[in-house]
Amino acid sequence: MVARIEHLVTSGTFSLDGGAWDVENNVWIVGDDEEAIVIDAAHDVEAIGAAVGDRHLRAIVCTHGHDDHIGAAPELADATGAPVLIHLDDRLLWKHTHPDRNPDGYLSDMRRISVAGIELTVLHTPGHTPGAISLHAPSLRTVFTGDTLFAGGPGATGRSYSDFPTIVRSIRDRLLVLPPETVVRTGHGESTTIGAEAPHLGEWVDPS
């Protein structure tokens, strides 16, 4: 079987620092007809489960610990037996949402996740959160960036646990060095490419 990328949009809320906002999240499924992984189990466990179907779910990978990206992860794990994986540095954010449930494993930089005959490499890309990661799948010419890099610039850094200089370093040193044709599949909104975003690095750092 040939690995492919499937895309699902789910709706719910993002809550942090005493506020709540309506959001739509991208859920990404990578796999073939036999097995898959889910990247960011957001909001709607029934819709995600239906998209996975009867395939073996090898892992539920969280790009970071904000509640809109991890809210459905434990229930999906319980339904499928798949482990929930998140970077160790986002364990505090995880606990904000799921105080009585631990992740099943912790991700580290350069860890490789295998599914459907391909490998995805974990890139630690902090800034939006301390444990934010991206997943690079070179055989699919894709990087899944969560809320680190969007079409048009970096993810938000105006809330707790975030830092603007850190996210810029992550984008510059870990993402913009990827091949320009690499498709950037984001946590919200439209996809872009590394080549489309790289020329704008200076504008993000110094908007004047």
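The backbone N or O of Ala151 sits nowhere less than 3.5 Å from a side-chain atom of Glu197 that would complete a donor-acceptor pair. Under the 3.5 Å distance criterion, the side-chain polar atoms of Arg55 are matched with a main-chain donor or acceptor of Val52. Side-chain atoms of Thr142 come within 3.5 Å of backbone N or O of Leu140 as a donor-acceptor pair. One N or O on the side chain of Trp94 and one on the backbone of Arg101 form a donor-acceptor pair closer than 3.5 Å. Panel note: side chain Asp147, backbone Gly155; no donor-acceptor pair is recorded below 3.5 Å. Within the 3.5 Å criterion, the main-chain N or O of Pro130 finds a donor-acceptor partner in the side chain of His124.
Both Val205 and Ile167 belong to a single network of hydrophobic side chains, linked directly or stepwise wherever heavy atoms of I, L, V, M, F, W or Y lie under 4.5 Å apart. In the hydrophobic clustering of ILVMFWY residues, with side-chain heavy atoms under 4.5 Å counting as a link, Leu176 and Leu178 come out together.
The ring pair (Phe, Tyr, Trp, His ring centres under 6.0 Å) pairs that include a residue from residues 135-160 are Trp28-Phe144, where partners are two or more places apart or lie in different chains. Residue pairs that meet the side-chain hydrogen bond (donor to acceptor under 3.5 Å, both in side chains) test with at least one member in residues 81-90, sequence neighbours left out, are Asp90-Thr129.
Remark: Arg159 qualifies as a cation-pi partner of Trp21 under the 6.0 Å distance and 45° angle criteria applied to the six-membered ring.
Using cut-offs of 30° and 60° for the angle between ring planes, the His64 and His69 rings count as tilted.
Note that the CG atom of Asn26 and the OG atom of Ser191 stand 7.0 Å from one another [nearest 0.5 Å].
Heavy-atom minimum distance, Asp68 versus Ala42: O-CB, 3.0 Å.
Asp33 has a carboxylate O that lies under 4.0 Å from a charged side-chain N of Arg4, or vice versa, which qualifies the two as a salt bridge.
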Throw together a table of side-chain donor-acceptor distances under 3.5 angstrom for residues 110-122, partners on residues two or more places apart or in other chains.
residue	atom	partner	partner atom	Å
Arg111	NH1	Tyr106	O	3.4
Arg112	NH1	Glu119	OE1	3.3

Output, in order, the C-alpha distance, side-chain angles, deciding distance and verdict of side chain to side chain contact (heavy atoms under 4.5 Å, CB included) for Leu57 and Glu35.
CA-CA 6 Å; Leu57 190 60; Glu35 62 179 19; over 6 Å; no
Dump the intermediate steps for side-chain hydrogen bond (donor to acceptor under 3.5 Å, both in side chains) on Asp163 and Thr157, then the final yes or no.
CA-CA 5 Å; Asp163 182 72; Thr157 55; over 6 Å; no
Please report the C-alpha distance between Thr145 and Leu175 in whole Å, then the side-chain angles of each, then the deciding distance to 0.1 Å, and finally whether the side chain to side chain contact (heavy atoms under 4.5 Å, CB included) criterion is met.
CA-CA 9 Å; Thr145 58; Leu175 298 178; 4.0 Å; yes
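Exactly one residue among Thr10, Asn25, Thr13 makes a side-chain hydrogen bond (donor to acceptor under 3.5 Å, both in side chains) with His43. That residue is Asn25.
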